[in-house]
Every structure is written in C-alpha cells, then in structure tokens.
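Everything on this sheet refers to the single structure shown next.
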Amino acid sequence: QLAKKEIRKNRQAILLEGYVDTISIWKAGIYYGVATLGTSLTEQQAKMLKRYADEVIIGYDSDNAGQQASLRAIDVLQETGCKVKILQMPRGLDPDDYIQNHGADSFKKDILNSALSPTAFKLNFSRKDYNLKNESDRMNYLTNALNIIADLKHAIEREHYLKTLAEEFNISYQSLKNDHDQIYFKKRKKKEKSRDNLTIQWNNNINNGNHVGGINTLQPAYYNAEKSLIYFMMKDRDIAEKVQQEIGSEFHVEDFAVLAAYLYLYYGKGYDANISRFISSLDDQTYINVASKIAMLDMNEDVTEAALNDYISQVKKYHLDILIKQKREEQLRAERNSDLEKQIQIGQEIIQLRHQLKWGKK
C-alpha cells in the first residue's frame, strides 16, 4: 500500500526482480519500487501498474537472464501504454549490490538518472552478439540496429539514433539513412497489408489522423503540407528529389510516408514524372487508392519555390513541436527527482528549440 501511494504520487514506478532489491532502494529513499518476484512480468501486472504510473523503470539484474527479461517486459509494458526506461547496471551487479557497494546517492545520480530508453537498451543489448572490431560483424550489427530504429514511431527519434550511429562508426549519415529507409519502407508495407482497408476507402469518412482522407482544411498544418508535397512530388521529379533530401522518410502521416518511399524508389529507377505510370507501378490497392485521391486534388498545377519551402518547413516544425513536448516531460521528471542541474540543462535545450521554431516562422 505504501508503494502504491508513492507510485500514484510520482506517476512513476521502478520494477525490480525481488524483495531484496526493493528493500534496498526503499532504504535509499526511493519509495516507488515494486517487485515482480521473478522476471516474467504478466500482462495483468502491467495493466495494474498502468493504473497508477505513466512511466515504469525496469531495474532487473544485469545478467543475461535479467536483460532478456527486460526485453520482454518492455513489450508488455508498452502494450499497456506505459512509457518505459531501463536501468543500466554494471555487469554482475543488481540494485542491492550497487547500493551496498556505491551508496544510495550514487545509485540515484549515476544509475536512476541515467536510465536508458527502450531503443538505447535494445541497441546496447544487441552488441553482445557481435565483435565490433570485426568488419563483417560490425556491418551485421549496423543492419540489426537499423531494424531496431525502423520500428520507432516518431521520425525525430529515428533521426537521433541514426546520427548517433553515424558518429560512432564514422559512417555517412546519408548512407545509413538510405539503408534505413529501405528497411522502414518494407516494415511499413508489411504492416499496411494487415491493416483494415476500410480506413482508406474512397467513400469512407473514418480518419484517425494517420491516414489520408478527403480534402479537409481542418487538418493540422503538417498534414496538409505533407499531402501537398506528395501531390507535387508525383508531378515533378526535381521536387521529389528535394523532398527526399530535406525530409526523407520523416513524414508523420503513415500513408504519406509510404507513398513518399514508393516515389523515391520510382524515381530511383530512372523514371520521369508520370502520374499514371507511377500509380500503375504500385502493387498495393491501398496506395493506388490513396495516390489517386491525391492526384485529383484541386490544386494549382505549379508550385512556387517559396510555397514548396513552406510545406517542408511545416513538416520540420512539427518535429520541433514533438521534441519540445518530449523535453518538457523530461524536465518534469527531473523536477520530481529534485535534479536541479538536469532541469536547467533541459530548460536551456527547450529555449534553443523554441529559437529554432521561431526562426522557422520568419
């Protein structure tokens, strides 16, 4: 009951393997820890946690069994809608060991405040299967990493991890992104084939914001900008190449992201702009319908450079909006943890992002 009150108060829970770890972090002044009494988190347990917490921090042991269990727990928790982070314990230590050896303050500062995102954890965990000094293993690891990144929902997250990989391995960001886009497109296509086609039928008014519907001026700016970009990309190869360079796969609306990928492949084969040929090249009725609807939009045939740049800017601004929102959430967590230094750092990052947003509106 005490843990439940603290979890509800903080909207945060630390998930541990057993009572020993839980008691240790309680002694360290962290009262929102709970134990699963084993490493097999059930769907029922995850749903119970979700009732009281928005974020769950997984603190399983650092051995292989604990790390494998963390991978499974990530999926179970995310299915319930929980935000998830994972404690990265030094090899061979569990939370109780660490607190006994290094103290409560070190645990809070160096472990708890440095919890990894699910993607960072998965990338780190997958490294153990590869000898990164070996060229072949290094390439295989990068391919696996691109598959992990391609599963991310938000384009801004995918961009972040691609840039991190490019810097770490001294590889061209664009070459990594090109390989990522192919993987991302295949995953999208596979996912879409299992989707209920009713969401994109011509006479269907259902629109959940991720799929294209009819002309609707009440849609957000980024939505209309992305739809307009697809329209002009189908009509002009140079525009498609400009959009590929500026935005790539980072469309926010699912249908537009997939159509953009189709267009990049189409022009990459050397074809000139021809809407009928492009639509005929599509092998999925879903996107034949979507592309046909966009081609019939009542828009000016020509687009000015200023208008094109404005469409691209609207899409990029939405990236910044998402990032600012994520930073605000991080700042609130730092505030709950009484981490003043982290609050100030994130505050400065938010100010910089707002400057970028303001500059983009000029």
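Since the structure is predicted, the reported quantities are computational estimates derived from the model, not experimental observations. In what follows, every heavy atom counts, from backbone to side chain, and hydrogens, waters and symmetry copies are set aside.
Using a 4.5 Å heavy-atom cutoff, the side chains of Leu49 and Val34 are in contact. In this structure the side chain of Lys9 never reaches within 4.5 angstrom of the side chain of Tyr32, judged on heavy atoms. Side-chain contact between Tyr262 and Ile230 is absent, with no heavy atoms from C-beta onward closer than 4.5 Å. At least one side-chain heavy atom of Lys108 sits under 4.5 Å from a side-chain heavy atom of Ile30. Considering only heavy atoms from C-beta on, Tyr264 stays 4.5 Å or farther from Asn178 through its side chain. In this structure, Val76 and Thr42 have side chains that are not in contact, with every pair of non-hydrogen atoms separated by 4.5 Å or more.
A single hydrophobic cluster is not seen to contain both Ile344 and Ile324; linkage of ILVMFWY side chains at heavy-atom distances under 4.5 Å, directly or through other members, places them apart. Phe125 and Leu142 are assigned to two separate hydrophobic clusters, defined by single-linkage of ILVMFWY side chains at heavy-atom distances under 4.5 Å. A continuous path of Ile, Leu, Val, Met, Phe, Trp and Tyr side chains, each step under 4.5 Å between heavy atoms, connects Leu112 with Leu93, placing both in one hydrophobic cluster. Linking Ile, Leu, Val, Met, Phe, Trp and Tyr residues whenever their side-chain heavy atoms come within less than 4.5 Å leaves Val20 and Ile58 in two separate clusters. Residues Leu332 and Ile7 fall into different hydrophobic clusters, defined by Ile, Leu, Val, Met, Phe, Trp and Tyr side chains chained together at heavy-atom separations under 4.5 Å.
In this structure, the side chain of Thr22 does not engage the main chain of Gly33 through any donor-acceptor pair within 3.5 Å. Checked by atom type and distance alone, the side chain of Arg333 never pairs as donor or acceptor with a backbone atom of Arg328 at under 3.5 Å. Checking side-chain atoms of Asn10 against main-chain N and O of Gln12 turns up no donor-acceptor pair under 3.5 Å. Within the 3.5 Å criterion, the main-chain N or O of Ile346 finds no donor-acceptor partner in the side chain of Glu330. Side chain of Arg138 to backbone of Leu132: a donor-acceptor contact under 3.5 angstrom is found. Side-chain N or O atoms of Asn300 include none that pairs as donor or acceptor with a backbone N or O of Asp302 at under 3.5 Å.
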I'd like a table of donor-acceptor pairs (distance under 3.5 Å, sequence neighbours excluded) in which one partner is a side-chain atom from residues 115-123, with atom names and distances.
{"residue": "Ser117", "atom": "OG", "partner": "Ala120", "partner atom": "N", "Å": "3.1"}
{"residue": "Ser117", "atom": "OG", "partner": "Tyr161", "partner atom": "OH", "Å": "2.5"}

Show me the donor-acceptor pairs, under 3.5 Å and distance only, between side chains in residues 77-92 and residues at least two apart or in other chains.
{"residue": "Thr80", "atom": "OG1", "partner": "Leu77", "partner atom": "O", "Å": "2.6"}
{"residue": "Lys83", "atom": "NZ", "partner": "Glu329", "partner atom": "OE1", "Å": "2.6"}
{"residue": "Lys83", "atom": "NZ", "partner": "Glu329", "partner atom": "OE2", "Å": "3.0"}

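For residues 265-277, there are no side chain to side chain donor-acceptor pair (under 3.5 Å) pairs, not counting sequence neighbours.
Nearest approach of Leu41 to Tyr60, heavy atoms of both residues: CB-OH, 4.0 Å. Looking at every heavy atom in both residues, Ile183 comes nearest to Thr143 through CD1-O, 4.4 Å. The two atoms that bring Tyr231 and Ile294 nearest to each other are CD1-O, 3.1 Å, heavy atoms only. Nearest heavy atoms, Leu263 versus Met233: CD1-CB, 3.8 Å. In terms of heavy-atom proximity, Tyr311 sits nearest to Ser228 at CZ-CB, 3.7 Å. The shortest heavy-atom contact between Glu17 and Asp61 is OE2-N, 2.9 Å.
Sparse packing is recorded around NZ of Lys342, with 12 or fewer heavy atoms of other residues, nucleotides or ligands lying under 6.0 Å away. Heavy atoms of other residues, nucleotides or ligands lying less than 6.0 angstrom from CG of Asp105 number 12 at most. More than 12 heavy atoms of other residues, nucleotides or ligands lie within 6.0 Å of CD in Gln68, so this atom counts as buried by the packing criterion. Summarising the local packing, NZ of Lys47 is surrounded by 12 or fewer heavy atoms from other residues, nucleotides or ligands at distances under 6.0 Å.
A distance of 5.0 Å separates CG in Asn309 from CD in Glu305, rounded to the nearest 0.5 Å. The distance from atom CD1 of Ile148 to atom CG of Leu165, rounded to the nearest 0.5 Å, is 9.5 Å. The OG atom of Ser24 sits 6.0 Å away from the CD atom of Gln100 when rounded to the nearest 0.5 Å. A distance of 12.5 Å separates CD of Glu159 from CG of Leu152, quoted to the nearest 0.5 Å. Considering CD1 of Ile275 and CE of Met296, their distance stands at 11.5 Å, rounded to 0.5 Å. Here CD1 of Ile156 is found 10.0 Å from NE2 of His160. Values are rounded to the nearest 0.5 Å.
Between Asp181 and Lys177 there is a salt bridge, since at least one side-chain N of the basic residue sits less than 4.0 Å from a carboxylate O of the acidic one. Using a cutoff of 4.0 Å between basic side-chain nitrogens and carboxylate oxygens, Lys163 and Glu167 are not scored as salt-bridged.
Tyr141 is linked by a ring pair (Phe, Tyr, Trp, His ring centres under 6.0 Å) to Tyr130, Phe169, counting only residues two or more places apart in sequence or in another chain. Residues that satisfy the ring pair (Phe, Tyr, Trp, His ring centres under 6.0 Å) test with Tyr98, not counting sequence neighbours, are His102. Considering only residues two or more places apart in sequence or on other chains, Tyr173 meets the ring pair (Phe, Tyr, Trp, His ring centres under 6.0 Å) condition with none of them.
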### Message
Under the criterion side-chain contact (heavy atoms from CB on, under 4.5 Å), I'd like the reasoning laid out for Ile350 against Gln331: C-alpha separation, chi angles, the key distance, then a yes or no.
### Response
CA-CA 10 Å; Ile350 291 173; Gln331 194 174 41; 3.7 Å; yes
### Task
Give the intermediate values and the outcome of side-chain contact (heavy atoms from CB on, under 4.5 Å) for residues Leu259 and Phe278.
CA-CA 10 Å; Leu259 271 183; Phe278 168 67; 4.2 Å; yes
### Worked check of side-chain hydrogen bond (donor to acceptor under 3.5 Å, both in side chains) between Glu349 and Gln345
CA-CA 6 Å; Glu349 292 172 0; Gln345 176 195 330; 3.2 Å; yes
### Task
Quick one: do Asn144 and Asp129 satisfy side-chain contact (heavy atoms from CB on, under 4.5 Å)? Show the steps, please.
CA-CA 11 Å; Asn144 185 54; Asp129 296 324; over 6 Å; no
#### Entry: Full working for side-chain contact (heavy atoms from CB on, under 4.5 Å) between Lys128 and Asn64
CA-CA 10 Å; Lys128 70 180 181 61; Asn64 189 62; 3.5 Å; yes
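Taking the six-membered ring for Trp and thresholds of 30 and 60 degrees, Tyr318 and Tyr222 have nearly parallel ring planes, at less than 30 degrees apart.
Glu335 and Gln343 form no side-chain donor-acceptor contact under 3.5 Å, judged by distance and modelled atom types alone. Using modelled atom types and a 3.5 Å distance limit, the side chains of Asn289 and Gln285 yield a donor-acceptor pair.
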